[in-house]
Every structure is written in structure tokens, then in C-alpha cells.
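All heavy atoms count here, side chains included; hydrogens, waters and symmetry mates do not. Letters go in sequence order (proteins before strands), and every chain restarts at 1.
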Number of protein chains: 4
Amino acid sequence: MKKYSLDSRKVEQAMNDWLHKRGVQRTDIAELVMYLQQGYYSDLTLEECLASVEKVLAKREVQNAVLTGIQLDLLADQGKLFSPLQDMIENDEGLYGCDEVLALSIVNIYGSIGFTNFGYLDKVKPGIIGKLNKKGGPMVHTFLDDIVGAIAASAASSIAHNKQKIAEEKNARQAEPTDGSEI
Amino acid sequence: MKKYSLDSRKVEQAMNDWLHKRGVQRTDIAELVMYLQQGYYSDLTLEECLASVEKVLAKREVQNAVLTGIQLDLLADQGKLFSPLQDMIENDEGLYGCDEVLALSIVNIYGSIGFTNFGYLDKVKPGIIGKLNKKGGPMVHTFLDDIVGAIAASAASSIAHNKQKIAEEKNARQAEPTDGSEI
Amino acid sequence: MKKYSLDSRKVEQAMNDWLHKRGVQRTDIAELVMYLQQGYYSDLTLEECLASVEKVLAKREVQNAVLTGIQLDLLADQGKLFSPLQDMIENDEGLYGCDEVLALSIVNIYGSIGFTNFGYLDKVKPGIIGKLNKKGGPMVHTFLDDIVGAIAASAASSIAHNKQKIAEEKNARQAEPTDGSEI
Amino acid sequence: MKKYSLDSRKVEQAMNDWLHKRGVQRTDIAELVMYLQQGYYSDLTLEECLASVEKVLAKREVQNAVLTGIQLDLLADQGKLFSPLQDMIENDEGLYGCDEVLALSIVNIYGSIGFTNFGYLDKVKPGIIGKLNKKGGPMVHTFLDDIVGAIAASAASSIAHNKQKIAEEKNARQAEPTDGSEI
């Protein structure tokens, strides 16, 4: 019997494959980040949002939550969960909150400033979240819509931290003495 | 020296007094609950919302969070926090998240289905939350606006659980055999 | 097609059945509570601990977490999860934390004073937790051992709150005037 | 009036100063990390633990929690909190959990695998945590003992992630073909 050992590349690869198979592109998530943050940073580009999404997706805790959530959605698609869990997940039961629990574990990694954005996305359901949340399709996305919102909220937090860093560095440079020594 | 012993009535009384002094009435919070839930339950009354708010406020964990948050706001009003915490709380710094952390500890008690409503209130800032959040007044409400949103989100969760219970009891009664044996 | 509607009794019944099938009795959990709390309350009985466990298990959020965790354990038993999630859950991978995430959602309901007990049980693994955690048996319990610890930690929190209430009521009675007016 | 703008260096500097003033050295925290992890990694050095503690302390969310917790401890020292919050924090009331709440916000950043270590440290109280927790001294450390435990638990999580990365890189190198093409 082969001894188990964790292979991080396989975990990341599986997350990428499954996000793709379930209909979520990285740019879909980047667009949610743009939706959340463009009011605060007029110069924000989709590329920056995408880079921030990539950074979030590189975290193992995020990868674990994505895989676990998609696995449960997939089993619900196939009717393979036991009753009444099957019914609750298949129907996105309002009093079932394990999907939010898993999503929050993603948001937590980028700190508490992401909670607001997560909750807002979950209520307003813009872009890909609205598509995932549409009932009646062949796929169940009870977990995935919350997880995608959590990734976007985390990426938005990350951008807020970065923009602050850039602003402070700029201030620091402007505050430097200009006594001719630089000429 | 008098030995310390916890007096729960004093904790609850202090919370009530401080909410009042900081300009928050129970009906203000009940109106937030109504705002969140009226779309789901057409027969929902403000009295039900108020009763739900009372239930949330009876929890010690909630009372602790309210007192701690208001204490920090109050000290910020008075300029008595050390630097740079004073500046961050006084200015509701976007990258300072301890207010959300404390608020989340309230939401958690009523389970994960409240996260969405909490985040939504924090973004949209209806009613009393908008008033508290208005900058420039004599009082700092960096913690209190999040805490009020958390109480409302928790009360909304509690209503969702109650309504389900009532619906199931009604179904159970309708499903009872009416074979004359009750006559 | 039958319309979905949540049946709370079925959810509770399924939780009870599955805990039993996976080898966890309510008294096993009550013994963990006793282990945690007997140092603080010399008069604590196993019956009180059991009553507290029952109260925790009556919460829907707890039922949802128990069912979801056992479902994932069960699928791991059967080798039915996709790779590499199957390997991570089957081998209780140290860097996989969704089991702790789900367990924490139980602890949160009884407030933050339960975190310490949860972490302690997870490290020391007394009683049933040690049995569940033993590798090499036919069943995977990656989620269940954490969930059982979370239920015990929550029940311990509930006892701490109750004991305080009883102590205050006793003090209140002793502080009442005994001026003969009660005769 | 001077416009407010966040200065990250001041926040970090204030955290460092206050940890020092309240009697906590970085090596004290590193020793807790060593205590937690030496059973798993026989080659672990105090330097590695210290580097990991530094990394945790560089996170803004951590800095915010440290400052907020020490501020509340300090005000409790001075008797400047309102009643009954003053009594609850001064006496480290068992049913007051905002200290654990703030500490958990630190642990969350490094993911759920840190919860266990946090709870364990809080129960066993080794090293500096035991010293901080000793009642009767001139300083109240109701928040700081939990916060120090949370920093150590987070640093332990970070080490677990790093060690995995190193192990996988080593495996990858060993698996490379040695066909002479590197000469």
C-alpha cells in the first residue's frame, strides 16, 4: 500500500479543474471584485482584481474549502447524499448554513473587513453569483455561490490592504528631503 | 475588599442604559429586522420583530459585546485611547476590523444564516445604522453601528427559525386524521 | 414532482440515527462534558451533562453540521470523494481544516467561552474522541471527532451559564428580607 | 484640523512598544511555538519559531487586535472602564468572552488548523501565558494572555505550512532525473 503524502500541486490543480468544470472563470470572480471596489479606487483595473483573485486562490485553506464545497454540490447533483441532507442542499434550504460556514473560513483569512462585502454579494447576487444561484439548471451550486462570493470579498480586502501600502510608500517618497543631494 | 461576583441583572441593565444613552432604541433595531424580513413574510409585524430583538439582547454574549463596543466608542469620544488606536477608532479606519470581529461574535450565536444580513446592513446602512454612521457628530459610533447591525441580523435569523417552526406545526395539525375520533 | 419542504423532525431523527451508526452515544459526549467541568463544579452529575448535550443537539445549526460532517466521513469510507479530497479526508491531513471549520460553527452558537475547551479536547483526545481518532479501523472519522468535541465544548459552556444562573437565584433568595412578612 | 491618514509604521511601532511594556517579549511567544511544535519537527529551532512569530506580528489584523486588547487591559488596570465591564475584565470573568473573540480573529488569519493549539495553550497556560494569567499583580492581562496564545497558535500553523512546502520541494528535487543533462 502506497503511503499517503500531501501533494500541494495536485490540490491546486484539482481546484482549478473543478472551478472550470462548474462554470466559474477567474475573470468572473475578478469582475465581482471590480464591482465591489471600483467606487473606492477610480484607477482600479480588472488585471489588478484578477491578480488579487489569484493570490487568494493560492492559499491552501481556500483550496480546501473550494474542493469540499464543490464535492458536496456535485454529490447533490447526482442525488448521492443521504436524506434529508440531499434535500436541504439540493434545495438550498434557508436554514442550512454550512455553505456560509465554509465560505466564512475563506473570508476570515483576509480579516474581518471582508465580512461586509461577503454578505453584500450574497444578498445582491451580481454577475456569476446570480448565474450560479439560478434554480432549475442541471447543477446544484448551493456551496459554490457562497464560496465564489467569499473569494471575491477576500480579494477585495487584499486590494484595500495593497492600495494603502502603495499610498503610504508614495507619501514616504514625497516627504523625502529634496536638498539637492539627489541631483 | 469586597469579593467579586457576577451580577447578571447589572450587566443587562448597563447594556440597556448604554444603548439608550448612545441613541439606540429597541424599535430602531426592530425596524431593521422588519426591513430585512418583510419581503419573506408578508404578515410580519413590528411587534414580532421587537420580541425577537429582546430575545437576542437577553443573551449574555450579546450584552458583553455591546458593553465592550460602546466602551471603546465612548473612550474614543473622549480622546482617551492611546495613539494610534484613538485615530483609527475615531476615524472608523477601513483597515481596522475589530468592530466587525465583535459584531460577528453576536451573529455567530444565531448561526451562519445571519452573516448575509449582517453584511448587507453594513453596506446599505438603512435606518439607525445610517444615523450612527454619519460622521461629524459629537459621538463616535465605530463599534455601535456594526453591533446594531449584528443584533438585527441575529433577530432576523431567529425569526426565520420561528416561522419555520410555526409552519411545521400548522402542517402537522392539518395532517392529523379527521376520522371522527376527535368528536 | 413533490415540492420540497423542510421537515425538522426528519433532520433531528437522521442526526440521531447517524450518530448511533457511527458509534457515538449521547453518554459518550456527556462524559466528555463531565471531564471538562468536574473540576469546577464538585456536585456536577452525568445527568446534568447529558441534559446539556441534549439541549445542544436540539439546535438546527448543530444538526446540519453533524449530518454534513458524517456524510463526508461516510463517503471517504467508501472511497467516493474525488481526488485529492478523498486522500486528505481519509488520512485526516493536518493541513486540511474544514473539519475544524464545521466544528467551530457549533461552538460559536454557545459563545466564545467554548473555544478553549474545544481546542483542549482536540489535543488531549479523551474518551470517545480518542476512539474515533484511532487510525486503521473501517470507518473514517475525520469530521466526527471534531464535531463530537465541539458538542461537548458547547454543552460545557451551557453548564457554565446555567450554574451562574442558579448561583444568582440562590443569592437573590438569601438576600430577601426575612421580616416575618412571609409567614 | 489635520486630516487623518493611516500610518502603518506607527501602528506596528505602537504594538511593539505596548507588548514590551506589558511584559511580553517575542522570544516568550517563540517558546510557546516551540512547546507546541517540537513534538512534530525534531529539527525545529527557536530561530525558526521567532521568524514565524515576526511574520504573524507583521499582519495588520493582528496589530489591531493586540492594540485593542492591551488598551482594554490597561484601562482595567487604571479602573477607568464603566461598571460592570470594569469588574468583568478586571476579574477575568469566565462568562465574558470578548477576549477569546478578539484572539480568534488572529487565529482565523492562519486558518482553522490553529484553533486546537489556541485552545490547548489557553487551558494548559505554559510559559508566558501562565505568568500573564497569574492574578494579584499590578497589571490586568485578561485580553493579553489570550492574544499571546493566539499569536503562538498562528505561528505554529505557519510553521506547519512551511514545513510541508520544504518537504515537497525536497521530494521534487529527489524525483528529478539525474541523467547527466545537468552537467
*When rounded to the nearest 0.5 angstrom, what is the spacing between OG1 in C:Thr116 and CG in D:Asp146?*
6.5 Å
_Minimum heavy-atom distance between C:Gly97 and D:Ser112, given as atom pair plus value_ = O-OG, 2.8 Å
*So with a 6.0 Å cut-off around NZ of C:Lys163, is the heavy-atom count from everything else above 12?*
yes
*Would the number of heavy atoms belonging to other residues, nucleotides or ligands and lying under 6.0 Å from OH of C:Tyr40 be above 12?*
no
*Around atom NZ of C:Lys80, are there more than 12 heavy atoms of other residues, nucleotides or ligands at under 6.0 Å?*
no
*asked:* Working to the nearest 0.5 angstrom, can you tell me the gap between D:Phe115 CZ and C:Phe115 CZ?
replied: 7.5 Å
_If you apply the rule side-chain contact (heavy atoms from CB on, under 4.5 Å), what do you find for C:Glu93 with D:Ile113, and how did you get there?_
CA-CA 10 Å; C:Glu93 164 60 46; D:Ile113 64 168; over 6 Å; no
*Decide if atom NZ of D:Lys125 counts as having more than 12 heavy atoms of other residues, nucleotides or ligands within a radius under 6.0 Å.*
yes
*Check the surroundings of atom NZ in D:Lys165: do more than 12 heavy atoms from other residues, nucleotides or ligands lie under 6.0 Å from it?*
no
_So for D:Val107, is it side chain, backbone, both, or neither that comes closer than 4.5 Å to the heavy atoms of chain C?_
neither
*Roughly how far, to the nearest 0.5 Å, is CG of C:Leu95 from OG of D:Ser157?*
9.0 Å
*What do the steps show when you test C:Tyr120 against D:Asp122 for side-chain contact (heavy atoms from CB on, under 4.5 Å), and what is the final call?*
CA-CA 8 Å; C:Tyr120 184 68; D:Asp122 199 25; over 6 Å; no
*Measure the CG-CG distance between C:Leu104 and D:Asn108 for me, rounded to the nearest 0.5 Å.*
7.5 Å
_Please report the interatomic distance CG(C:Leu36) to NZ(D:Lys123), rounded to the nearest 0.5 Å._
5.5 Å
*asked:* I'd like to know which of D:Cys98, D:Gly94, D:Gly119 tops the heavy-atom pair count under 4.5 Å against chain C.
replied: D:Gly119
